[in-house]
Every structure is written in C-alpha cells, then in structure tokens.
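These notes concern the structure reproduced below.
The residues of the chain are indexed from 1 along the displayed sequence.
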Amino acid sequence: MAFTIYVKMKKLGRQSDEGLQSVPFALDQKPKTLGELLVSLTELGVKQYNARKDEGQVLSYLTKEEIDAQATRGKISSGLRGGEDADAGQAVENTIQSFEDGIFRVFAGEEELTSLFAPIPWTEDTVFTLVRLTMLSGW
C-alpha cells in the first residue's frame, strides 16, 4: 500500500517560499523517523532515475513552460546524461552523511527535524521542506 508525502526543496538565496511547489512522492510505507524518510526518498529517487535512464527518456526540446518551471528551480536541463545506473546503497549513504554534515536541513511543516532517529510529528497535511545550505551539494 503506497503512502504519499509532499516535499518542497529549496536552495538558500534562490527561491522564495511562495514559489516552491509541493511535489508528491509515493512511498511503500509511512516513515516513522527522519532516517526512514530520507532512505525512502533516496531509494525512490534512484529507482526513478535509473528507470528514466534505461528508457532513454531525453527531451529533444523544451517548451516555454518547462523552461520557466526549471528556471524557477535554478537549473534548466533538456535531458539525462548516459552512464552507469545509480547505486541505491551508495546514494543512501551519501544522503545520510550529507544530513549529518549539515549540507541540508529537513522541516516537517514549521518544525525542524534534527535527529535521524526521532519520530516524525505527523499531521493530516504535513509538508516536508528540504533546504540545501551549501552550494556544492548538487541539487
């Protein structure tokens, strides 16, 4: 049974909160802790990336709407680069290390989640916000 969560991603100095869209993510189960949430999101992202890469999904052009939407996020890209499949285990390890190193922070609504092991304070309309704090982390 899939469980849908909503996530906003923000880079400091790049976007106002008003311009951020909540993106739905369908997870296999409801995460109990921040660590479980990060692992689930990372594994889902790797799975989606590898599937797109394997399908050869590359856009030959972008519409004006796609360019505008990508510009709002701070990066315009017309497709995927080739190469090896992403490794889920390595990606999870990188995600956890990046969180522990303070490269990004996670908020559930207005509450910052600071421990990988603390329970997530779920409400009916919880939206998670991931804030990248350094310009070198890659998204």
Side-chain angles (χ1 to χ4, degrees):
M1 176 184 195
F3 180 78
T4 302
I5 64 164
Y6 293 88
V7 178
K8 295 180 182 181
M9 292 181 272
K10 179 172 175 47
K11 300 175 189 178
L12 286 183
R14 288 283 193 153
Q15 304 139 320
S16 69
D17 287 338
E18 297 166 7
L20 294 177
Q21 296 295 324
S22 295
V23 178
F25 289 91
L27 305 177
D28 291 334
Q29 60 187 10
K30 184 177 182 178
K32 295 180 180 82
T33 65
L34 174 59
E36 289 179 14
L37 174 68
L38 294 177
V39 168
S40 295
L41 286 173
T42 302
E43 289 175 345
L44 178 61
V46 168
K47 181 178 172 182
Q48 290 173 343
Y49 170 83
N50 288 339
R52 286 192 315 266
K53 189 178 77 52
D54 290 344
E55 292 171 0
Q57 181 183 355
V58 178
L59 297 173
S60 58
Y61 65 92
L62 294 173
T63 65
K64 171 121 176 66
E65 292 79 17
E66 291 167 327
I67 291 171
D68 291 343
Q70 289 186 27
T72 301
R73 292 191 305 263
K75 179 181 178 182
I76 300 173
S77 174
S78 63
L80 299 171
R81 294 178 230 130
E84 299 293 319
D85 280 355
D87 178 86
Q90 184 63 51
V92 166
E93 188 177 313
N94 290 345
T95 298
I96 299 300
Q97 187 66 55
S98 294
F99 177 78
E100 290 174 343
D101 289 348
I103 292 175
F104 68 95
R105 291 194 177 160
V106 181
F107 294 84
E110 299 293 318
E111 183 179 338
E112 183 176 4
L113 306 178
T114 58
S115 169
L116 292 170
F117 307 104
I120 293 174
W122 287 103
T123 63
E124 215 173 281
D125 58 349
T126 299
V127 174
F128 295 92
T129 304
L130 280 64
V131 181
R132 186 179 86 183
L133 299 175
T134 177
M135 301 308 279
L136 301 175
S137 67
W139 50 265

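Side-chain contact between V106 and F99: present, with at least one pair of heavy atoms (C-beta onward) separated by less than 4.5 Å. K32 has its side chain out of reach of P119: every pair of non-hydrogen atoms, C-beta onward, lies at least 4.5 Å apart. The closest side-chain heavy-atom distance from T4 to L27 is not below 4.5 Å. Inter-residue side-chain proximity for P121 and T126 is flagged as unmet; no heavy-atom pair is nearer than 4.5 Å.
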Checking V7 against T129 for the side-chain contact (heavy atoms from CB on, under 4.5 Å) test, could you report, in this order, the C-alpha distance in whole Å, the side-chain angles of both residues, the deciding distance, and whether it holds? CA-CA 6 Å; V7 178; T129 304; over 6 Å; no

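By the side-chain hydrogen bond (donor to acceptor under 3.5 Å, both in side chains) test, T33 is found to be paired with no residue, residues two or more places apart in sequence or in another chain being considered. Considering only residues two or more places apart in sequence or on other chains, F128 meets the ring-ring contact (aromatic ring centres under 6.0 Å, His included) condition with W122. In this structure, the side chain to side chain contact (heavy atoms under 4.5 Å, CB included) partners of Q97, at least two apart in sequence or on a different chain, are E100, D101. Taking E112 as the reference, R105, F107, T114 meet the side chain to side chain contact (heavy atoms under 4.5 Å, CB included) condition, with sequence neighbours excluded. Partners of V127 according to the side chain to side chain contact (heavy atoms under 4.5 Å, CB included) rule, which considers only residues two or more places apart in sequence or in another chain, are Y6, K8, S22.
Nearest heavy-atom pair across F3 and Q29 is CB-C, 3.9 Å. For S115 against L34, the heavy-atom pair with the smallest separation is O-CB, 3.5 Å.
How far CG of D87 is from CD of E93: 9.0 Å, rounded to the nearest 0.5 Å. The distance from atom CD of E111 to atom OG1 of T123, rounded to the nearest 0.5 Å, is 10.0 Å. Summarising the geometry, atom CD1 belonging to I103 is positioned 9.0 Å from atom CG belonging to L133; distances are rounded to the nearest 0.5 Å.
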Name each donor-acceptor pair under 3.5 Å that joins a side chain in residues 39-46 to protein atoms two or more places apart or in another chain, with its distance.
residue	atom	partner	partner atom	Å
S40	OG	E36	O	3.0
T42	OG1	L38	O	2.7
T42	OG1	T95	OG1	2.9

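The main-chain N or O of A86 is found under 3.5 Å from a side-chain atom of N50 such that the two form a donor-acceptor pair.
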